[in-house]
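What follows is a short report on a single structure.
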Amino acid sequence: MTRTAESGEAEAFSRAAVAVFRLNGRFTAAVDRLALSAGLSAARWQVLSTVTEESLSVSEVARRVGTTRQSVQRIADLLVRQGLAVYLDNPAHRRAKLLAATERGAVAKGEIDSCLDGLARHLCESLGGEEEVHRTAEMLRGLSGVLASVGAGDSP
């Protein structure tokens with residue numbers, strides 16, 4: 001591969017990374033605004049959403065949302081203090097409690113999800129329809145999967 005091709009690939013990837021970081025910041029800010037009415041933040045909503053249907057350990061939540069166990073632990077403790085989640089015994093591991101949403105937590109998540117419906121409709125229309133959004137999401141999932149394999153040592 002030529003030096004020019006390599007630098008072109010690096011530039012393309014750099015632009016993509018910056019765009020994804022910017023997108024993450026904008027998504028976080030939008031969800032923060034919507035979640036505020038329920039007394040949550042985007043991070044709290046994300047953790048609560050992860051444990052509304054299924055009780056999980058803090059480590060499992062961290063893996064699913066792509067952040068550190070310590071960050072999720074801090075958020076989980078806040079959700080428990082707010083009465084939006086509880087810790088349950090974990091039959092598979094004595095020390096690693098399971099985090100589960102309470103009924104109040106599920107209601108708060110539902111309120112935010114209702115607000116997100118309007119945002120989703122607006123974004124879908126602005127981006128050319130549901131099919132285009134599905135294609136974009138699939139591409140982002142693919143990029144995420146490739147990056148996960150790089151972190152696992154499957155790439156140069």
Side-chain angles (χ1 to χ4, degrees), residues 10 13-124 126-127 130 133-156:
F13 185 79
S14 178
R15 286 177 186 255
V18 169
V20 169
F21 292 146
R22 186 175 295 132
L23 177 62
N24 180 60
R26 289 185 175 155
F27 262 129
T28 300
V31 175
D32 271 337
R33 285 190 300 274
L34 295 174
L36 191 59
S37 64
L40 296 173
S41 64
R44 290 183 198 183
W45 168 79
Q46 186 179 30
V47 170
L48 189 60
S49 293
T50 306
V51 298
T52 296
E53 299 295 323
E54 175 184 17
S55 302
L56 298 168
S57 71
V58 168
S59 293
E60 290 170 316
V61 173
R63 280 190 293 278
R64 289 193 185 184
V65 302
T67 191
T68 65
R69 188 199 63 75
Q70 294 82 354
S71 294
V72 172
Q73 184 68 64
R74 184 184 57 77
I75 292 166
D77 290 344
L78 291 168
L79 290 170
V80 169
R81 270 184 256 150
Q82 284 183 281
L84 301 173
V86 293
Y87 288 115
L88 305 171
D89 288 335
N90 184 349
H93 194 288
R94 269 188 313 137
R95 289 185 18 212
K97 299 283 186 190
L98 298 175
L99 183 66
T102 62
E103 189 173 321
R104 261 184 68 209
V107 167
K109 178 201 172 295
E111 289 172 10
I112 296 164
D113 288 350
S114 292
C115 294
L116 284 171
D117 286 345
L119 176 61
R121 275 191 302 282
H122 172 73
L123 292 174
C124 243
S126 299
L127 294 171
E130 187 176 339
V133 173
H134 281 297
R135 273 196 296 274
T136 302
E138 198 56 40
M139 186 274 308
L140 290 170
R141 275 192 289 279
L143 178 58
S144 181
V146 170
L147 286 171
S149 71
V150 169
D154 294 347
S155 186

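Summarising the geometry, atom OG1 belonging to T67 is positioned 7.0 Å from atom CD1 belonging to I75; distances are rounded to the nearest 0.5 Å. To the nearest 0.5 Å, the span separating CG on L127 from NE2 on H122 amounts to 8.5 Å. A distance of 6.0 Å separates CG in L123 from CZ in F27, rounded to the nearest 0.5 Å. Atom OG of residue S59 and atom CD of residue Q70 lie 8.5 Å apart, to the nearest 0.5 angstrom. For the atom pair CG (L79) and CZ (R104), the distance works out to 10.5 Å, reported to the nearest 0.5 Å. The distance from atom OG of S41 to atom CG of L34, rounded to the nearest 0.5 Å, is 12.5 Å.
A pairwise comparison of heavy atoms in T102 and G83 identifies OG1-O, 2.7 Å as the closest pair. When all heavy atoms of L99 and A76 are compared, the closest pair comes out as CD2-CB, 3.6 Å. Summarising the geometry of A35 relative to A42, their closest heavy-atom pair is CB-N, 4.5 Å, with the distance given to 0.1 Å. Listed here is the closest heavy atom pair of A100 and S55: CB-OG, 3.2 Å. The two residues Q82 and G39 come nearest to each other via the heavy atoms NE2-O, 3.0 Å. The two residues V31 and L116 have their closest heavy-atom pair at CG2-CD2, 4.1 Å.
Side-chain atoms of S144 do not come within 3.5 Å of backbone N or O of L140 as any donor-acceptor pair. Of the possible polar contacts, none joining the T50 side chain to the V61 backbone as a donor-acceptor pair under 3.5 Å is found.
A 4.5 Å side-chain heavy-atom check between K109 and L40 finds every atom pair outside the cut-off. With a 4.5 Å cut-off on side-chain heavy atoms, W45 and L84 do not count as touching. In this structure, K97 and L88 have side chains that are not in contact, with every pair of non-hydrogen atoms separated by 4.5 Å or more. Side-chain contact check for Y87 versus L98: every heavy-atom pair is 4.5 Å or farther apart. Side-chain contact check for E60 versus E54: every heavy-atom pair is 4.5 Å or farther apart.
The list of salt bridge (charged side-chain N to carboxylate O under 4.0 Å, His left out) pairs with a residue in residues 30-47, not counting sequence neighbours, is empty.
A 6.0 Å sphere centred on CD of E103 holds no more than 12 heavy atoms belonging to other residues, nucleotides or ligands. Applying the 6.0 Å contact sphere to CG of D117 captures more than 12 heavy atoms from other residues, nucleotides or ligands.
Inspection of the H134 and E130 side chains reveals an N or O donor paired with an N or O acceptor under 3.5 Å.
Applying the side chain to side chain contact (heavy atoms under 4.5 Å, CB included) rule to R135 yields the partners E131, E132; only residues at least two apart in sequence or on another chain are considered.
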